[in-house]
Structure formats: C-alpha cells, structure tokens
Amino acid sequence: MKALLYNITPEQMPHVQSWRKHHPDDEIETTEDILDAQTVTQAQGFDVASVMQVVDIADEAVYQKLADYGIKHLALRSVGYNIVNWKYVHKYHMLITTTPAYSPRAIAENALTSAMFLLRNWGQIFQNEQKLNFVREPNLMSDEIYNQTVGIIGVGRIGSAVAEMFHALGAKVIAYDVVENAANEAFVEYTDFDTVIKEADILTLHTPLDPGMENMISSEQFKQMKNSALVINQARGPLINTVDLIDALKQGEIAGAALDVLTEENEFFEKQFTDMSELPETYQELAKMPNVVITPHSAYYTKTSVKNMIEHSLIDMKRVYEGKKPVYPVNL
Ligand code: NAD
C-alpha cells in the first residue's frame with residue numbers, strides 16, 4: 001500500500017514510524033500540508049490519501065484530481081466528516097472513512113474540565129489575578145457539580161462517556177438524542193430537546209453537524225435556558241449561532257460558555273497572530289468575556305487520541321487496499 005498522510009505534525013511521527021517498522025511492505029509518506037487544490041498534486045502515485053484538518057475540502061478540483069490519480073479512498077483521521085463536500089464525494093465515487101473510536105474519553109474529559117472551569121468561575125479569578133486583585137468576591141462563589149443538571153444533546157460515543165462521568169460525580173444527567181440507546185439508561189434520563197434546553201444547568205453538545213443542524217442553538221433556545229446555564233460546544237461550531245450566543249451572554253440569558261469549536265474557526269485555528277484586530281470580530285467579543293473559554297479544537301488532543309488516530313486510519317487504509325470492508329466507513 002502506498003499512502004500519503006497530509007497534515008502530519010511532529011507528535012504524530014512516532015506512530016507513523018511504528019507502522020512503517022511493523023509493515024515494511026507499505027510505503028507511508030507524510031507532509032505537513034493540508035489537502036487543498038494546490039497540495040492535491042502530491043497525492044499522485046499513491047493508493048490512498050489521509051487528512052486531519054479543520055479547513056473544509058471544498059474545491060471540486062481536489063476530488064477530481066484524486067479520482068484522476070486513481071485514489072478512491074480518503075481516510076479522515078477525525079470523528080467528524082463535515083469537512084468533505086458530499087456532492088463531490090458522490091460524483092467521484094470516493095470512499096470516506098473516519099476514526100470515531102480514537103478516544104471518546106478524551107473529549108468527555110475535556111467537557112468535564114470545561115464545566116468545572118466555568119462552574120468555579122476560573123475565568124473571572126484569572127482575570128482578577130492579572131489585575132493583582134486577590135479578593136474573594138461574592139460573584140466568585142460557585143455551585144457544586146452534584147447539585148447540577150447536565151443536559152446532553154447527542155448521546156453517542158462521546159455523549160455517553162460525558163454522561164457516565166457527570167453521573168459518577170452525582171449530577172443529574174438528562175439528554176436528547178434522535179435515537180435512544182437503552183445501554184445508556186443507567187446514567188441518562190432521556191427526554192425531549194426543549195426540556196433539555198430549559199432544565200440544563202450545564203448544556204453540552206455531542207452531535208454531528210449534519211445538513212440542517214446549523215444554528216441548533218440560537219436566540220430561541222438561549223431565551224428558554226436558565227440565566228445561570230453554562231453552554232459547552234465541543235461538537236461542531238455551526239451548531240451554535242455565534243452572534244446569538246454573544247447576545248445571550250451580554251443580555252445575561254446564560255451565564256457562560258466553553259467553546260472548543262466555532263463557526264469562524266477556519267479563519268484562525270491552527271494559526272498564530274500578533275494583533276487581536278486580525279481575528280474575527282466574534283472572537284474579539286468572546287475573548288473579552290471572563291465567563292467564556294475558547295480552546296482551539298483541542299478537546300481530542302491527548303496522547304491516546306493522537307496514537308489511535310494514526311493507527312485506526314492506517315488499519316482502514318490497509319483493509320480497503322486489500323479489498324476488505326473498512327472498520328469505520330462513512331459512506332459504504
Ligand atoms: P456518534 O455518532 O457516536 O454520536 C452522535 C450522536 O448524536 C448519535 O447518538 C446520534 O444519534 C446523535 N444525533 C444525531 N443527530 C442528532 C440530532 N439532530 N439531535 C440529537 N442527537 C442527534 O459521534 P461521537 O463520536 O459521539 O462524536 C460526536 C461529535 O463530536 C462528532 O460528530 C464531532 O463533530 C465532534 N468531535 C469533536 C472533537 C473535538 O476535538 N472537539 C473530537 C471528536 C469529535
């Protein structure tokens with residue numbers, strides 16, 4: 001098998017080298033580039049290409065060139081698959097695989113970290129400390145997790161790990177999912193979407209971003225939420241309307257937000273800036289708020305995840321190359 005792995009970073013290399021060592025017949029090449037209309041030419045001569053990027057693969061030329069090179073499998077080293085353009089995937093008969101099981105716990109633990117950060121007002125505490133203010137002000141008094149109702153939208157691999165963790169800490173866990181899973185009933189009370197929105201002290205999203213799911217949480221939902229509610233989005237940015245979120249935070253309709261993903265993330269995640277004015281206006285607004293924490297799509301970023309992303313994607317690349325059914329196909 002000849003595979004080209006795009007967007008390989010130094011910490012992924014040991015796992016690539018380990019694969020090379022154990023599979024000497026495979027030719028695995030890497031590049032730090034993301035896949036786009038320019039870099040697609042590097043894939044010529046390979047059997048399969050693999051990517052892990054936040055930037056959408058929107059250009060038809062990418063799919064067309066991959067097809068011209070005889071590449072019929074694009075292996076995403078991620079859980080989400082919204083970066084591909086499905087029209088072109090279908091047009092050029094491309095197989096998409098993902099790595100959904102690399103570590104649901106990594107994201108779940110980040111949701112827990114986010115909830116505790118917001119609940120304990122650490123954003124405000126850090127901001128005060130930067131102003132050399134060490135007074136234990138009344139607005140820093142927090143709640144305790146076992147008194148909270150955690151509302152989850154989407155109880156799949158990640159959502160169920162989130163539910164299990166909060167339940168273990170004594171929180172009440174309510175959830176909405178289009179498909180209810182009896183295996184989760186030991187730690188989740190399923191209910192309808194509106195009830196989760198109205199009753200959650202901590203609302204956390206763990207659905208995919210499928211067509212029609214954009215703006216799932218917008219001003220209508222913020223108005224229904226408790227004024228003390230904390231909102232966590234580690235799923236996909238467009239599930240929340242960012243402008244409405246900023247408005248809700250300013251109006252005090254909700255109390256805080258932790259965002260690992262944002263609609264605008266393509267413009268600034270994975271890049272470094274020297275001046276705030278270069279960043280999207282929505283980010284500039286959010287960055288001023290002590291009750292908002294933004295992380296650069298790093299919820300997944302643990303040693304376990306990085307290792308499994310490489311291994312799981314290479315296993316499926318090899319299976320497809322050998323004519324076997326992949327373990328994690330999106331569109332078979
Ligand atoms: P999953 O497929 O196992 O679970 C998704 C769940 O959402 C399923 O139970 C599904 O029935 C449910 N769902 C789908 N549409 C819904 C809707 N309209 N309303 C309510 N529920 C709905 O996926 P997962 O592995 O748990 O991952 C969830 C999402 O997390 C991914 O799609 C990805 O976007 C995101 N993610 C983010 C990071 C990160 O680093 N921030 C890392 C991995 C995954």
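- Counting only heavy atoms from C-beta outward, the side chains of Q234 and Y300 never approach each other to under 4.5 Å.
- In this structure, a donor-acceptor pair under 3.5 Å is present between the side chains of E278 and T274.
- Put simply, V150 and I107 are part of the same group of oily side chains (I, L, V, M, F, W, Y) that touch within less than 4.5 Å, one to the next.
- Salt bridge absent: E60 and K87 never bring a charged side-chain N and a carboxylate O closer than 4.0 Å.
- Judged by distance alone, with hydrogens and angles left aside, the side-chain atoms of K65 form no donor-acceptor pair with the main-chain N or O of T41 at under 3.5 Å.
- Using a 4.5 Å cut-off between side-chain heavy atoms of Ile, Leu, Val, Met, Phe, Trp and Tyr, with links allowed through other members, I158 and L112 fall into the same hydrophobic cluster.
- Not a single donor-acceptor pair under 3.5 Å links the side chain of N233 to the backbone N or O of L259.
- Without hydrogens or angle criteria, Q284 side chain to L279 main chain gives a donor-acceptor distance under 3.5 Å.
- Applying the side chain to side chain contact (heavy atoms under 4.5 Å, CB included) test between I28 and each of K2, H23, M1 identifies M1 as the sole match.
- A 4.5 Å side-chain heavy-atom check between Q38 and D33 finds every atom pair outside the cut-off.
- By the 4.5 Å heavy-atom criterion applied to side chains, M309 and S313 are not counted as neighbours.
- Note that CD of E264 and CG of L286 are 8.0 Å apart. Values are rounded to the nearest 0.5 Å.
- Note on ring orientation: taking the six-membered ring where Trp is involved, the planes of W86 and Y81 are perpendicular (angle over 60°, cut-offs 30° and 60°).
- The nearest pair of heavy atoms linking P104 to A101 is CD-O, 4.0 Å.
- Not a single donor-acceptor pair under 3.5 Å links the side chain of D201 to the backbone N or O of Q148.
- Note that the CZ atom of F222 and the CD1 atom of I217 stand 6.5 Å from one another [nearest 0.5 Å].
- In this structure, the side chains of T207 and M216 come closer than 4.5 Å at one or more pairs of heavy atoms.
- No hydrogens or angles considered: a donor-acceptor pair under 3.5 Å links the side chains of T204 and H206.
- No hydrogens or angles considered: nothing links the side chains of H15 and E311 as a donor-acceptor pair under 3.5 Å.
- The number of heavy-atom neighbours closer than 6.0 Å to NZ of K307, taken from other residues, nucleotides and ligands shown, is 12 or below.
- Atoms CZ and CD, on F46 and E29 in that order, are 5.0 Å from each other to the nearest 0.5 Å.
- Shortest non-hydrogen contact noted between I152 and G159 is CD1-O, 3.6 Å.
- A donor atom on one side chain and an acceptor atom on the other are not found under 3.5 Å apart for N7 and E32.
- For the pair L74/V84, a side-chain contact is recorded, criterion being any heavy-atom separation below 4.5 Å from C-beta on.
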Between K303 and E11, is the salt bridge (Lys or Arg N to Asp or Glu O under 4.0 Å) condition met? List the steps. CA-CA 9 Å; K303 292 173 185 170; E11 72 278 13; over 6 Å; no
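- The shortest heavy-atom contact between A108 and M165 is CB-CE, 3.8 Å.
- Remark: side-chain polar atoms of N128 are not paired, donor with acceptor, to backbone N or O of N133 under 3.5 angstrom.
- Put simply, the side chain of T302 gets close to the backbone of S305: a donor and an acceptor are under 3.5 Å apart.
- The closest side-chain donor-acceptor pair between T195 and D192 falls under 3.5 angstrom.
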Under the side chain to side chain contact (heavy atoms under 4.5 Å, CB included) criterion, do I254 and L230 qualify, and how do the steps go? CA-CA 6 Å; I254 60 166; L230 304 171; over 6 Å; no
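- Residues N227 and E253 bring no donor and acceptor atom of their side chains to less than 3.5 Å of each other.
- Evaluation of the side chain to side chain donor-acceptor pair (under 3.5 Å) test over residues 152-167, restricted to residues two or more places apart or in two chains, returns none.
- Criterion: ILVMFWY side-chain heavy atoms under 4.5 Å apart, direct or through other members. Under it, I310 and V48 are part of a common hydrophobic cluster.
- For L245 against A257, the heavy-atom pair with the smallest separation is CD1-CB, 4.2 Å.
- Using a 4.5 Å cut-off on side-chain heavy atoms (C-beta onward), D59 and D36 make no contact.
- Take Y63 and apply the ring pair (Phe, Tyr, Trp, His ring centres under 6.0 Å) test, not counting sequence neighbours, and it matches Y88.
- No side-chain donor-acceptor contact under 3.5 Å links Q251 to the backbone of A248.
- A donor-acceptor contact shorter than 3.5 Å links the side chain of N308 to the backbone of Y102.
- Of the residues D177, N184, N181, the one that meets the side-chain hydrogen bond (donor to acceptor under 3.5 Å, both in side chains) test with Y190 is N184.
- Side-chain contact check for V188 versus I174: every heavy-atom pair is 4.5 Å or farther apart.
- In terms of heavy atoms, L76 sits closest to G80 at CD1-O, 3.9 Å.
- Judged as a side chain to side chain donor-acceptor pair (under 3.5 Å), the pairs with a partner in residues 69-79 (not counting sequence neighbours) are, in order, Q12-R77, S50-R77, H73-T97.
- Taking OG from S114 and CD1 from I294, the interatomic distance works out to 11.5 Å, rounded to the nearest 0.5 Å.
- Within the 4.5 Å cutoff, side-chain heavy atoms of L5 are placed close to those of V16.
- Considering every non-hydrogen atom in both L4 and Q42, the closest pair reads CD2-O, 3.5 Å.
- S103 contributes a side-chain N or O that, together with a main-chain N or O of A106, makes up a donor-acceptor pair within less than 3.5 Å.
- Note that CG of L239 and CG of N241 are 11.5 Å apart. Values are rounded to the nearest 0.5 Å.
- Going from atom CD1 of I125 over to atom CD of Q130 covers 12.5 Å, rounded to the nearest 0.5 Å.
- Side chain of D316 to main chain of V327: a donor-acceptor pair is present (N/O by atom type, distance under 3.5 Å, no hydrogens or angles).
- Under a 4.0 Å N-O distance rule, the pair R20/D26 does not qualify as a salt bridge.
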